[in-house]
Participant: 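A single structure is presented below for examination.
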Amino acid sequence: DTIFALAEVRGGETVLDLATGTGIVAGRFRGQVKEVIGLDISADMTRQASACVDRMIISPIESIPLESGSVDVCVCRQGLQFVSLPEAVEEIARVLRPGGRAVFCHLAAYGDEDKTEAFKIQALRNPARVNFFKPGDLESVARSSGLTVAETVRYLSVESVDRWIDHGVLSARERKSIKDAYLASSEGFRRLHKIEENGGDIFDTMLFLIIRAEKPK
């Protein structure tokens, strides 16, 4: 809902959902705009998204097969962590029309105090991750690609670590290593993330940064 609100879509617009995955974000826009295009590198993943998009493209974000200035809004939730920066954001800026909007939503460390531990845990959960963010990073990447940052929202989400790490890829040993990292975390990390232990599970108040950027007219 926050991503949708920041996008400020109008009925006749085209929305490109990058790293669409199973289509959860795309589905929020479907029926509210003229066209929702999903883009993802994984054909297997996007089979679940067919009901959420009008058109699906299988492609990396670094080379979007759309004409320049052909999209009104680009949204990306948790996709920039896997791409080559700034190439991917330069492509996003290219396909946006002048005056178009981009909304990026990504998990982040709170700052320098927790980044080492937070990034270690994020890497353990998904070894394919190549980018790690803290406040200011997404804004910097957007500006370096010629976009103007209009707004940044800090979104806090209390997450069950057991649920967060149970995504069907990690072994029991790998899941245990993540929980061990939480249990061995510093007092500063625990304070920032409001770590709580309950019934063998761990609860982490995770920070998501959501930025809205615009392509100059």
Side-chain angles (χ1 to χ4, degrees), residues 1-40 46 48-57 59-83 85-108 110 131 133-158 206-217:
D1 288 344
T2 303
I3 293 171
F4 181 84
L6 286 172
E8 294 186 357
V9 293
R10 295 175 281 277
E13 294 187 318
T14 296
V15 173
L16 175 61
D17 180 29
L18 300 155
T20 195
T22 57
I24 293 173
V25 174
R28 182 66 179 83
F29 289 87
R30 183 81 186 275
Q32 306 295 315
V33 294
K34 179 177 132 181
E35 183 181 28
V36 176
I37 305 170
L39 181 144
D40 202 287
T46 59
Q48 301 178 58
S50 59
C52 301
V53 299
D54 299 298
R55 182 168 30 133
M56 183 66 71
I57 298 172
S59 170
I61 298 175
E62 295 91 334
S63 54
I64 302 171
L66 293 172
E67 293 183 5
S68 299
S70 61
V71 173
D72 298 289
V73 176
C74 287
V75 294
C76 185
R77 181 185 182 276
Q78 293 287 81
L80 297 182
Q81 60 194 353
F82 302 117
V83 303
L85 296 174
E87 289 84 357
V89 181
E90 289 173 354
E91 269 292 89
I92 293 168
R94 180 187 67 78
V95 300
L96 279 174
R97 66 167 177 79
R101 288 88 68 204
V103 180
F104 304 141
C105 173
H106 289 77
L107 179 64
Y110 284 80
N131 297 309
F133 303 112
K134 58 184 177 64
D137 289 345
L138 288 171
E139 292 93 332
S140 178
V141 169
R143 292 188 184 107
S144 71
S145 300
L147 300 175
T148 300
V149 177
E151 188 172 356
T152 299
V153 174
R154 292 165 61 96
Y155 185 94
L156 299 179
S157 179
V158 179
M206 297 183 182
L207 171 64
F208 287 83
L209 297 175
I210 309 175
I211 75 162
R212 169 196 160 108
E214 299 172 355
K215 184 173 180 176
K217 293 182 179 180

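These numbers come from the heavy atoms of this one structure, side chains and all, not from hydrogens, waters or symmetry mates.
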Participant: I'd like to check L80 versus N131 (side-chain heavy atoms, cut-off strictly below 4.5 Å). Are they in contact?
Facilitator: no
Participant: Which pair of heavy atoms, one from S144 and one from V141, lies closest together, and at what distance?
Facilitator: OG-O, 2.7 Å
Participant: Can you name the closest pair of heavy atoms from P86 and S145 and give their distance?
Facilitator: O-OG, 4.0 Å
Participant: Of the options V15, T14, L16, V53, which is the one that meets E35 in a side chain to side chain contact (heavy atoms under 4.5 Å, CB included)?
Facilitator: T14
Participant: Just jot down the ring pair (Phe, Tyr, Trp, His ring centres under 6.0 Å) partners of F29, sequence neighbours excluded, or say none.
Facilitator: F4
Participant: Using only atom types and a distance under 3.5 Å, with no angle test, would you say the side chain of R30 pairs donor to acceptor with the backbone of A51?
Facilitator: yes
Participant: Go through the steps to decide whether V95 and C74 satisfy the test side chain to side chain contact (heavy atoms under 4.5 Å, CB included), and finish with yes or no.
Facilitator: CA-CA 9 Å; V95 300; C74 287; 4.0 Å; yes
Participant: For a 4.5 angstrom cut-off between non-hydrogen side-chain atoms, does L209 reach D137?
Facilitator: no
Participant: Can you tell me how far the CG atom of D17 sits from the CD1 atom of I57, to the nearest 0.5 Å?
Facilitator: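 The distance works out to 11.5 Å.
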Participant: Nearest 0.5 angstrom please: E214 CD to L147 CG, how far?
Facilitator: 9.5 Å
Participant: Could you measure the distance from the NZ atom of K134 to the CG atom of L207? Nearest 0.5 Å is fine.
Facilitator: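 Taking NZ in K134 and CG in L207, the distance rounds to 12.5 Å.
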Participant: Can any side-chain N or O of R212 pair as donor or acceptor with the backbone N or O of A150 at less than 3.5 Å?
Facilitator: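 It does not hold such a pair.
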Participant: Return the minimal non-hydrogen interatomic distance between D54 and K34, and the atom names on each side.
Facilitator: OD2-O, 4.2 Å
Participant: Could you walk me through whether E87 and S63 satisfy the side chain to side chain contact (heavy atoms under 4.5 Å, CB included) test, starting with their C-alpha distance in whole Å, then the side-chain angles of each, then the deciding distance to 0.1 Å, before giving a yes or no?
Facilitator: CA-CA 9 Å; E87 289 84 357; S63 54; over 6 Å; no
Participant: Any idea which heavy atoms bring T20 and D40 closest together, and the distance?
Facilitator: N-OD2, 3.3 Å
Participant: Say you draw a straight line from CD1 of I61 to CD of E90; how long is it, rounded to the nearest 0.5 Å?
Facilitator: 13.5 Å
Participant: Give, for atom CG of L138 and atom CZ of F133, the distance between the pair rounded to the nearest 0.5 Å.
Facilitator: 5.0 Å
Participant: Can you establish whether the number of heavy atoms outside I24 located under 6.0 Å from its atom CD1 is more than 12?
Facilitator: no
Participant: Measuring only between side-chain heavy atoms, which start at C-beta, is P60 closer than 4.5 Å to E91?
Facilitator: no
Participant: For L107 and F208, which heavy atoms make the closest approach, and how far apart are they?
Facilitator: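 Where L107 meets F208 most closely, the heavy atoms are N-CD2, 3.6 Å.
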Participant: Give the C-alpha distance, both sets of side-chain angles, the deciding distance and a yes or no for side chain to side chain contact (heavy atoms under 4.5 Å, CB included) between R77 and I3.
Facilitator: CA-CA 9 Å; R77 181 185 182 276; I3 293 171; 4.2 Å; yes
Participant: Got a salt bridge between E13 and R97, using NZ or NE/NH1/NH2 to carboxylate O under 4.0 Å?
Facilitator: yes
Participant: Using 0.5 Å steps for rounding, measure from the CD atom of Q48 to the OG atom of S50.
Facilitator: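 Separation between the atoms: 9.5 Å.
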Participant: How about R10 and D72: do any of their side-chain heavy atoms sit closer than 4.5 Å?
Facilitator: no
Participant: Can you name the closest pair of heavy atoms from S59 and L39 and give their distance?
Facilitator: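 Reported closest heavy-atom pair: O-CD2, 3.1 Å.
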Participant: Can a donor-acceptor pair be found, under 3.5 Å and without considering hydrogens, that links the side chain of R154 to the backbone of P135?
Facilitator: no
Participant: Is there side-chain contact between C52 and V25, with at least one heavy-atom pair below 4.5 Å?
Facilitator: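 A side-chain contact is absent here, since even the closest heavy-atom pair is not under 4.5 Å.
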Participant: So which of I210, T152, I211 actually passes side chain to side chain contact (heavy atoms under 4.5 Å, CB included) with L6?
Facilitator: I210
Participant: Strictly distance-based, threshold 3.5 Å: is any side-chain N or O of K215 a donor or acceptor partner for the main-chain N or O of A93?
Facilitator: yes
